[in-house]
Amino acid sequence: MWGEATPLSKTVSKALVREQKTIGPMVKSLIIEAPEIAKAAIPGQFVHLRVNDTIAPLLRRPISIAGADREAGTLTLVYRIVGQGTAMLAKLQAGDMVDCMGPLGTGFDLDCERPLLVGGGMGLAPLLCLAQALCPKPVTVLMGGRNREELFWQELFAEACRHTHITTDDGSLGRQGLTLDLLPELLAGGQFDRVIACGPKPMLAGAAKLAVEQKIGCQVSLEDYMACGVGACLSCTCAGTDGKRRKVCTDGPVFWAGEVFSL
Ligand code: FES
């Protein structure tokens with residue numbers, strides 16, 4: 001049973017690293033003990049990690065929650081090594097401690113029966129948590145990546161999803177092309193009551209437009225640069241369709257598509 005997170009449910013704690021392993025090209029899976037956060041988290045939220053209190057880089061790194069085991073009190077975090085902060089994270093081993101703040105941000109609305117999850121690249125991380133939460137509902141996932149090596153996600157989603165559709169840029173796995181090339185075909189079948197997308201912004205905008213054309217509700221999870229993660233620094237704002245600015249870290253990262261895309 002997944003609860004409803006509130007701003008007050010945010011916790012800062014020292015979390016024990018249970019396991020860290022490489023699961024894809026420059027992609028790591030990190031399991032940490034954070035019982036309070038695992039209990040409060042809902043799919044779509046993220047944590048802010050800091051490896052070391054005294055040595056640069058001091059900023060925390062926002063990492064999507066890819067899984068939460070409430071009984072074991074653990075979080076699974078999947079991230080790509082893209083800079084100094086994540087390179088430091090990648091050095092953590094079982095038994096090390098990491099400073100963890102969360103759960104942060106908004107989560108996905110789980111009130112749907114036949115969802116289609118659309119993810120590109122690391123955007124698949126929060127969708128994995130969502131697929132697990134929605135299971136045993138009939139979840140379908142459409143995942144895209146540059147090549148076969150980047151679609152290690154297929155195995156991770158296998159248990160929670162009834163159907164998996166894949167696109168790769170080079171055609172080495174699934175259909176050659178982008179997720180947006182295959183999406184109209186899937187939506188035309190009429191079997192989905194929600195589209196939930198996470199990945200590059202053009203993909204989100206395209207998925208939202210196609211969903212609206214089919215009169216299907218759509219949620220998107222935005223990826224943005226974040227510094228504070230708690231609404232204080234304004235480094236992550238984006239324009240809302242009502243003309244007001246939105247903070248991706250606290251108003252999102254999950255939005256109803258019409259809040260951030262003109263449809
Ligand atoms: Fe500071 Fe969003 S990251 S306001």
Side-chain angles (χ1 to χ4, degrees), residues 2 24 42-44 64 66-67 78 106-223 241 252-263:
W2 293 77
I42 54 176
S64 294
V78 177
T106 56
F108 296 109
D109 176 50
L110 303 181
D111 187 17
C112 55
E113 297 304 320
R114 292 162 284 110
L116 171 62
L117 316 189
V118 184
M122 295 307 295
L124 285 155
L127 296 183
L128 180 59
C129 187
L130 177 64
Q132 289 160 354
L134 290 170
C135 187
K137 288 180 182 175
V139 178
T140 298
V141 62
L142 166 59
M143 55 177 75
R146 275 181 296 207
N147 51 43
R148 171 184 286 271
E149 288 69 42
E150 293 214 336
L151 269 300
F152 56 86
W153 296 101
Q154 190 181 2
E155 256 179 54
L156 303 179
F157 276 83
E159 256 184 46
C161 287
R162 200 164 290 184
H163 301 290
T164 301
H165 302 273
I166 292 178
T167 63
T168 49
D169 296 356
D170 66 359
S172 54
L173 191 68
R175 174 95 59 97
Q176 182 164 18
L178 305 173
T179 50
L180 289 181
D181 298 330
L182 187 52
L183 187 55
E185 209 176 293
L186 297 180
L187 292 179
Q191 75 263 43
F192 302 110
D193 66 350
R194 178 73 51 81
V195 171
I196 302 156
C198 186
K201 224 166 189 175
M203 189 200 88
L204 301 185
K209 187 167 172 286
L210 289 166
V212 164
E213 280 169 14
Q214 296 289 331
K215 301 190 174 22
I216 301 171
C218 178
Q219 286 204 305
V220 295
S221 176
L222 299 187
E223 297 171 325
T241 47
V254 176
F255 296 93
W256 287 99
E259 288 181 74
V260 288
F261 294 118
S262 302
L263 301 169

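Numbers here simply count residues along the sequence, with the first being 1.
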Peer 1: Can you check whether Phe192 reaches Leu186 side chain to side chain, under 4.5 Å on heavy atoms?
Peer 2: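 Touching, per the 4.5 Å side-chain cut-off.
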Peer 1: Closest heavy-atom contact between Leu151 and Gly144?
Peer 2: CD2-C, 4.1 Å
Peer 1: I'd like to check Leu124 versus Val78 (side-chain heavy atoms, cut-off strictly below 4.5 Å). Are they in contact?
Peer 2: no
Peer 1: Looking at Asp169 and Gln176, what are the two nearest heavy atoms and their distance?
Peer 2: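 Heavy-atom minimum between the residues: O-NE2, 3.1 Å.
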Peer 1: Shortest non-hydrogen contact from Ala197 to Ala207?
Peer 2: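 The pair with the smallest heavy-atom distance is CB-CB, 4.2 Å.
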Peer 1: Ser221 vs Leu127, test: side-chain contact (heavy atoms from CB on, under 4.5 Å). Steps then yes/no.
Peer 2: CA-CA 9 Å; Ser221 176; Leu127 296 183; over 6 Å; no
Peer 1: Please round to the nearest 0.5 Å and tell me the distance separating atom CE of Met143 and atom OG1 of Thr167.
Peer 2: 10.0 Å
Peer 1: Within this structure, what is the CD1-CG distance for the pair Ile196 and Leu204, rounded to the nearest 0.5 Å?
Peer 2: 12.5 Å
Peer 1: Without swapping roles, check the side chain of Thr241 against the backbone of Ser262 for a donor-acceptor pair under 3.5 Å.
Peer 2: no
Peer 1: Val195 and side-chain contact (heavy atoms from CB on, under 4.5 Å): which partner among Val212, Leu142, Leu187, Leu210?
Peer 2: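 The single option meeting the side-chain contact (heavy atoms from CB on, under 4.5 Å) with Val195 is Leu187.
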Peer 1: Kindly give the heavy-atom pair with the smallest separation between Met203 and Gly120, and that separation in Å.
Peer 2: SD-N, 3.8 Å
Peer 1: To the nearest 0.5 Å, tell me how far Leu173 CG sits from Ile166 CD1.
Peer 2: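 Going from the CG atom of Leu173 to the CD1 atom of Ile166 covers 4.5 Å.
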Peer 1: Just wondering, do Arg148 and Thr168 contact through their side chains at under 4.5 Å, heavy atoms?
Peer 2: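 Thr168 does not reach Arg148 side chain to side chain.
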Peer 1: Kindly compute the distance separating NE2 (His165) from CG (Leu116), expressed to the nearest 0.5 Å.
Peer 2: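 That separation rounds to 7.5 Å.
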Peer 1: Is any side-chain heavy atom of Phe108 less than 4.5 Å from a side-chain heavy atom of Ile42?
Peer 2: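 No - every pair of side-chain heavy atoms lies 4.5 Å or more apart.
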Peer 1: Got a donor-acceptor contact below 3.5 angstrom from the Asp193 side chain to the Glu113 backbone?
Peer 2: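 Side chain of Asp193 to backbone of Glu113: a pair is present.
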Peer 1: Going by heavy atoms in the side chains, are Cys112 and Leu134 under 4.5 Å from each other?
Peer 2: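 Counting from C-beta outward, Cys112 and Leu134 do come under 4.5 Å.
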Peer 1: Quick one: are Lys137 and Arg114 in side-chain contact, heavy atoms under 4.5 Å?
Peer 2: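 Side-chain contact under 4.5 Å: no.
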Peer 1: Could you state the interatomic distance from CZ (Phe261) to CG (Leu222), rounded to the nearest 0.5 Å?
Peer 2: 5.5 Å
Peer 1: Is Thr140 close to Cys161 at the side-chain level, that is, under 4.5 Å between some pair of heavy atoms?
Peer 2: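 No - every pair of side-chain heavy atoms lies 4.5 Å or more apart.
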Peer 1: Can you confirm whether more than 12 heavy atoms, excluding those of Asp111, are under 6.0 Å from its CG atom?
Peer 2: no
Peer 1: Return the minimal non-hydrogen interatomic distance between Cys198 and Pro126, and the atom names on each side.
Peer 2: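 Taking every non-hydrogen atom into account, SG-CG, 3.7 Å.
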Peer 1: CZ of Arg194 to CG of Asp109: how many Å apart, nearest 0.5 Å?
Peer 2: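 Going from CZ on Arg194 over to CG on Asp109, the span is 4.5 Å.
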Peer 1: Closest approach of Val139 and Ala160, non-hydrogen atoms and distance?
Peer 2: CB-O, 3.9 Å
